[in-house]
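As structure tokens, the structure follows; a few thoughts come after it.
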Amino acid sequence: MKLNGQRRRKGLNFFETVYTMVSKIPRGRVATYGQIARLAGNPRASRIVGCALHMCPASGGIPCHRVVNREGRLAPADAFGGAGMQKSLLAAEGVSVNADGYVDLEKYCWDGREHVPE
DNA sequence: GCAATGACGCAGC
DNA sequence: AGCTGCGCCATTG
């Protein structure tokens, strides 16, 4: 195996895999970057998940607002287009978000069992 | 091809 | 429910 540089993933770039996983997050539930990264095949690529969502091709139907960091904290407001927007979107799906921008991972963390990869 | 970056994760303070 | 520093991996310039 070459260096961990441009490693391919079955023809699908990591980004696409990430988008797929995120789009599979059930409504009213949230997933962490680490979770997505793990499902994508690289538990260490949490940053890549963030990078992928940063582009946020909403045109593809990527619910970036359902993705939170490992603490259950929402991404920086300016990151997805508007402070409080992500919070509102989650609240609209039934996810309680704190004024600090925190969600109860204990209750809303996505198990991923609904996805069942491979 | 190399260097820099990034919506993170974890360990340490 | 802090803050800082370092690491990890893929994308972009």
Side-chain angles (χ1 to χ4, degrees):
Chain A
M1 199 54 130
K2 290 163 61 70
L3 295 174
N4 40 357
Q6 294 81 11
R7 193 204 286 172
R8 293 282 180 179
R9 208 93 221 132
K10 299 178 181 175
L12 289 178
N13 289 354
F14 218 95
F15 274 43
E16 293 217 35
T17 310
V18 172
Y19 297 144
T20 304
M21 297 303 169
V22 176
S23 65
K24 289 172 197 291
I25 302 174
R27 182 173 166 287
R29 197 79 50 99
V30 297
T32 69
Y33 292 94
Q35 183 69 55
I36 303 300
R38 202 158 85 103
L39 292 170
N42 288 314
R44 310 282 164 144
S46 49
R47 309 185 67 117
I48 317 305
V49 180
C51 195
L53 289 175
H54 180 100
M55 298 170 164
C56 199
S59 311
I62 312 302
C64 352
H65 58 269
R66 286 188 195 153
V67 188
V68 298
N69 68 17
R70 134 150 189 49
E71 295 179 86
R73 218 248 268 183
L74 277 52
D78 46 276
F80 61 96
M85 192 174 90
Q86 183 174 21
K87 188 157 63 87
S88 301
L89 288 167
L90 288 171
E93 297 187 352
V95 179
S96 302
V97 184
N98 259 322
D100 297 304
Y102 280 80
V103 302
D104 294 271
L105 285 176
E106 295 296 299
K107 297 186 296 186
Y108 301 112
C109 66
W110 178 42
D111 298 279
R113 48 190 160 186
E114 295 189 54
H115 169 216
V116 190
E118 300 187 47

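Computed from heavy atoms alone, side chains included, the values below leave out hydrogens, waters and symmetry copies. Predicted model only: the values in this text are computed from it and were never measured. Throughout, protein chains are lettered first and strands after them, A, B, ... in sequence-line order, and every chain is numbered starting at 1.
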Worksheet item: What nucleotide, of C:dA10, C:dA1, B:dC8, holds the atom closest to the side chain of A:D100?
Response: C:dA1

Worksheet item: Got a second to check how far A:E16's CD is from A:S23's OG, nearest 0.5 Å?
Response: 11.0 Å

Practice prompt. Could you work out which one of C:dA1, C:dT12, B:dA7 sits closest to the side chain of A:N98?
Written response: C:dA1

Worksheet item: Does OP1 or OP2 of C:dG2 have a side-chain N or O of A:Y102 closer than 4.0 Å?
Response: yes

Item to complete: Please check if the side chain of A:Y19 supplies one atom and the backbone of A:A52 the other of a donor-acceptor pair under 3.5 Å.
Response: yes

Discussion item. Just so I know, are the side chains of A:L89 and A:E93 near enough to count as touching, which here means a heavy-atom distance under 4.5 Å?
Written reply: no

Discussion item. So, does A:N13 get its side chain near the phosphate of C:dA10, meaning an N or O under 4.0 Å from OP1 or OP2?
Written reply: no

Discussion item. Between P on C:dT12 and NE2 on A:H54, what's the gap in Å once rounded to a whole number?
Written reply: 11 Å

Response to the item:
Separation of B:dC8 atom C1' from A:R70 atom CZ, nearest Å, is 11 Å

Item to complete: Output the residues of residues 44-53 of chain A in contact with DNA chain B, where contact means a heavy atom of the residue under 4.0 Å from an atom of the strand; sort by number or write none.
Response: A:S46, A:R47, A:I48, A:G50, A:L53

Worksheet, complete the sentence: Checking A:L74, A:V95, A:V67, A:I25 against A:V30 for side-chain contact (heavy atoms from CB on, under 4.5 Å), the one that qualifies is A:V95

Practice prompt. For A:N98 and A:D100, indicate whether the former's side chain and the latter's backbone hold a donor-acceptor pair under 3.5 Å.
Written response: no

Discussion item. What is the distance, to the nearest angstrom, from the CD atom on A:E106 to the C1' atom on C:dA1?
Written reply: 13 Å

Discussion item. Apply side-chain contact (heavy atoms from CB on, under 4.5 Å) to residues A:N42 and A:I48 and explain how you reach the verdict.
Written reply: CA-CA 9 Å; A:N42 288 314; A:I48 317 305; over 6 Å; no

Discussion item. Using whole Å, what does the distance between atom P of nucleotide B:dC10 and atom OH of A:Y33 come to?
Written reply: 14 Å

Discussion item. Without decimals, in angstroms, what is the distance between A:R66 CZ and B:dA7 C1'?
Written reply: 17 Å

Fill in: Heavy-atom neighbours of A:R29 CZ exceed 12 at 6.0 Å
yes

Practice prompt. Take atom CD of A:Q35 and atom P of B:dC10, then tell me their distance rounded to the nearest Å.
Written response: 12 Å

Practice prompt. For A:I36 and B:dC8, give me the distance from atom CD1 to atom C1', rounded to whole Å.
Written response: 13 Å

Worksheet entry | Atom-pair distance (CG on A:N69; P on B:dA7), nearest Å | 12 Å

